[in-house]
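Chain letters run A, B, ... following the sequence lines, proteins first, then strands; residues in each count from 1.
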Protein chains: 2
Amino acid sequence: MATLSDVARRAMVSKMTVSRVINHPEQVSPELRQLVYNSMKALNYVPNYVAQALVHHRTQVIKLLILEEMDTTEPYYMNLLAGIAVELDQRHYSLQLVTRSSHTICRCDGLIVTGMREDDYESIISRLEQPVILFGENMKGYDYVDVDNKKGMKITTEHVMAQGCSNILFYGIDIEEPFMLSRIAGYEETMKGKKLLPQINLMKNSSHIAQFEAEKVLKKISERVAFVCASDRLGIGVVHAAQRLGMAIPDQVMITGFDGVFLDRIAQPKLTTVRQPIVEMGKTCAKLLLDKIDQDGRSQGICVYKPELVIRNTTVH
Amino acid sequence: MATLSDVARRAMVSKMTVSRVINHPEQVSPELRQLVYNSMKALNYVPNYVAQALVHHRTQVIKLLILEEMDTTEPYYMNLLAGIAVELDQRHYSLQLVTRSSHTICRCDGLIVTGMREDDYESIISRLEQPVILFGENMKGYDYVDVDNKKGMKITTEHVMAQGCSNILFYGIDIEEPFMLSRIAGYEETMKGKKLLPQINLMKNSSHIAQFEAEKVLKKISERVAFVCASDRLGIGVVHAAQRLGMAIPDQVMITGFDGVFLDRIAQPKLTTVRQPIVEMGKTCAKLLLDKIDQDGRSQGICVYKPELVIRNTTVH
DNA sequence: GTATTTTTTGTTAACGGTAACAAAGTGATT
DNA sequence: AATCACTTTGTTACCGTTAACAAAAAATAC
């Protein structure tokens, strides 16, 4: 593997000139520059990122800190990772996946944190010395990337209303985190806007629990009903419930989910859901973080993605 | 962040002595060793892995090359990654996720490759210069980690037989890769062993296609039937088919899947499946690869995991 | 008690880059 | 032609670590 010195020798210039051609080409005369380019091409030169990292006091490693039990959201994270990976590779960074349990001393240039709960801000996030981007909205002033959760829930609620249903139940996850509060707010405001009574139900994010809850409700009900769920997992549970009771989807029961990652397509019928552009969001997390690192930790602000309503057969024919 | 020199100065020894305490402690007298340990502790010394990497001509990066369309197997890979990550973190390695499209020149110490198809061996894998561990059985002599696919299919087939069913259909994926051939063989041998007629059906790995196929079959059938599927995704499709036709699971229709990652638990009823210990397997991939790197590329052989039959309500009450 | 071996410690020079400074070349100004 | 300013190139030292060798100290032999 050719080094800077090899390139320099072949082009009959000093190492420094080669280094400059790479980093500050405008400082080198066109003739030498061309010589160096030729030499680089001939030797198939690729910079040694480890050596660069050493001089720059960098590690070229960023960590993805997943504070949530991973099991509960797997397909979601794989997409996030895919997005992050694309951006990191382009900029010669690599990744370490860490969880709450692995409290290694943090040899890295920056972190993307996700799945944080209220307590984590003080005990973990505020103590980090490196630049951080959070994946998930927060009100503590940290840079973050998220989808517009409130709007997402608004458009689904409006969608089922537009299908002519006014008996609309909300199924959410029983945690008091900003993303869930926003989803609840999106539902609640839309209902109140139409003078309808919000009916909010919070539970563990499990398809079986949602199924159990929905069966109880459906057994007692005769009119048309819609369940707007704060996750596809809950949505799938409700689909199962309706099917077990032999109720027609979407004629008797309408169901919507949230996330649009994988599970929505597994359901039968496929689930109407709010798709988050997770891969894109992963890319953005990485991009913001690397920029932040380059800019010595300067805040990069927040980035909120527009949610997209994907209409499928749990709400329309 | 304290460096070797800082530790050395505080302990009043040379840098080299500190380095030796870390790498070859037996070469240092007990007194100095203790001095150095004290100094390290006092300064909270952590080696700079970048500098180590530079002297050792390493990158401390390994790549996970996913040759398969990721979308089709997401939850699966997240588990694999989790396993890999644990091992890498412990040994101060980091990760790059790459796919077929990203053909970066391979600045890394080794690769874990997965989702490879027949063509890939010649065009990609054989050209890699770094140590490689494959995730998935192969007959080309590469080191690999996999579950015993044949045995997995054997035990499921035997399990449904033990439930008193002898009309057993196999639903597999229409690719001629070793893992699938092994699963087919496991089914076929077990059937022939009992003098039963194997019925093999291959299709795209999609729950909706499996549902479509199974509905066709189920409409024409009256006796009890079992579907042993080569993936949970196919299994879920068959569950949906049985439910749409109002057939009783497991009394009229028995269904089994394969993988035991995430999807099996989403199904309703939960799917009897063959669980692969994916996290464990990921760990092993990483461990073998890092050992291989340390041993200058020496073959590490293969590692085949015992599959575990998880019996649930698609085969028994 | 000196020569010889062995153990322990220190010195130097890498690894592959880059920043900071020094030197040489170029051209304009007087 | 001498001075100055500017551009272009090269030299040196350093980032934090380790291997290879050299030197010093300790242990052993005779």
Can you give the dot-bracket line for DNA chain C, using ( ) for pairs inside the strand, [ ] for pairs that cross earlier ones, | for pairs with another strand and . for unpaired bases, where Watson-Crick and G-U count if both distances are under 3.5 Å? ||||||||||||||||||||||||||||||
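Between the CD atom of B/Gln60 and the C1' atom of C/dC15 there is a distance of 14 Å, rounded to whole Å. One atom, CZ of A/Arg58, and another, P of C/dT18, lie 13 Å apart when rounded to the nearest Å. Remark: P of C/dA14 and CG of A/Asn48 are 18 Å apart, rounded to the nearest angstrom. Rounded to a whole Å, the CZ atom of B/Arg33 is 13 Å from the C1' atom of C/dT7. We find that NE2 of A/His57 is positioned 15 Å from C1' of C/dG16, with the value rounded to whole Å. Taking atom CG of residue A/Leu4 and atom P of nucleotide C/dG17, one finds them 4 Å apart after rounding to whole Å.
Taking the six-membered ring where tryptophan is involved, the planes of B/Phe262 and A/Phe262 are tilted, since the angle between them lies from 30° to 60°.
Residue pairs meeting the ring-ring contact (aromatic ring centres under 6.0 Å, His included) criterion with at least one member in residues 3-54 of chain A, sequence neighbours excluded, are A/Tyr49-A/His92.
In summary, B/Lys63 and A/Asp89 do not engage in a salt bridge, as defined by a charged side-chain N under 4.0 Å from a carboxylate O. The residues A/Glu69 and A/Arg100 are annotated as not salt-bridged, no charged nitrogen and carboxylate oxygen being separated by less than 4.0 angstrom. Using a 4.0 Å cut-off between charged nitrogen and carboxylate oxygen, B/Arg117 and B/Asp120 do not count as a salt-bridge pair.
Along DNA chain C, the nucleotide closest to B/Val28 and the one closest to B/Leu54 are compared, and the more 5′ of them pairs with B/Val28.
Across all strands, B/Val50 comes closer than 4.0 Å to no nucleic acid atom at all (heavy-atom distances). Residue A/Tyr45 is classed as a sugar-phosphate contact, given heavy-atom separations below 4.0 Å to backbone atoms only.
Taking the side chain to side chain contact (heavy atoms under 4.5 Å, CB included) definition, one finds that A/Lys292 meets it with A/Pro131, A/Ile133, A/Asp143, A/Gln300, sequence neighbours left out. Every residue two or more places apart in sequence or in another chain that forms a side chain to side chain contact (heavy atoms under 4.5 Å, CB included) with A/Ala85 is listed here: B/Leu97.
First and last contacting nucleotides of DNA chain D toward chain B (any atom under 4.0 angstrom from a heavy atom, 5' to 3' order): D/dG16 to D/dA20.
Residues A/Gln276 and A/Tyr76 have side chains that bring a donor and an acceptor to within less than 3.5 angstrom of each other. In this model, no donor atom of one side chain and acceptor atom of the other lie less than 3.5 Å apart for B/Ser94 and B/Gln60. Checked by atom type, the side-chain pair B/Tyr93/B/Glu87 shows no donor-acceptor distance below 3.5 Å.
Across residues 6-25 of chain A, A/Val13, A/Ser14, A/Met16, A/Thr17, A/Arg20 each have a non-hydrogen atom less than 4.0 Å from an atom of DNA chain D (numbered order).
Between B/Gln27 and C/dT7 there is no side-chain polar atom (N or O) within less than 4.0 angstrom of OP1 or OP2.
Under a 3.5 Å cut-off, the side chain of B/Arg10 and the backbone N or O of B/Leu43 do not form any donor-acceptor pair.
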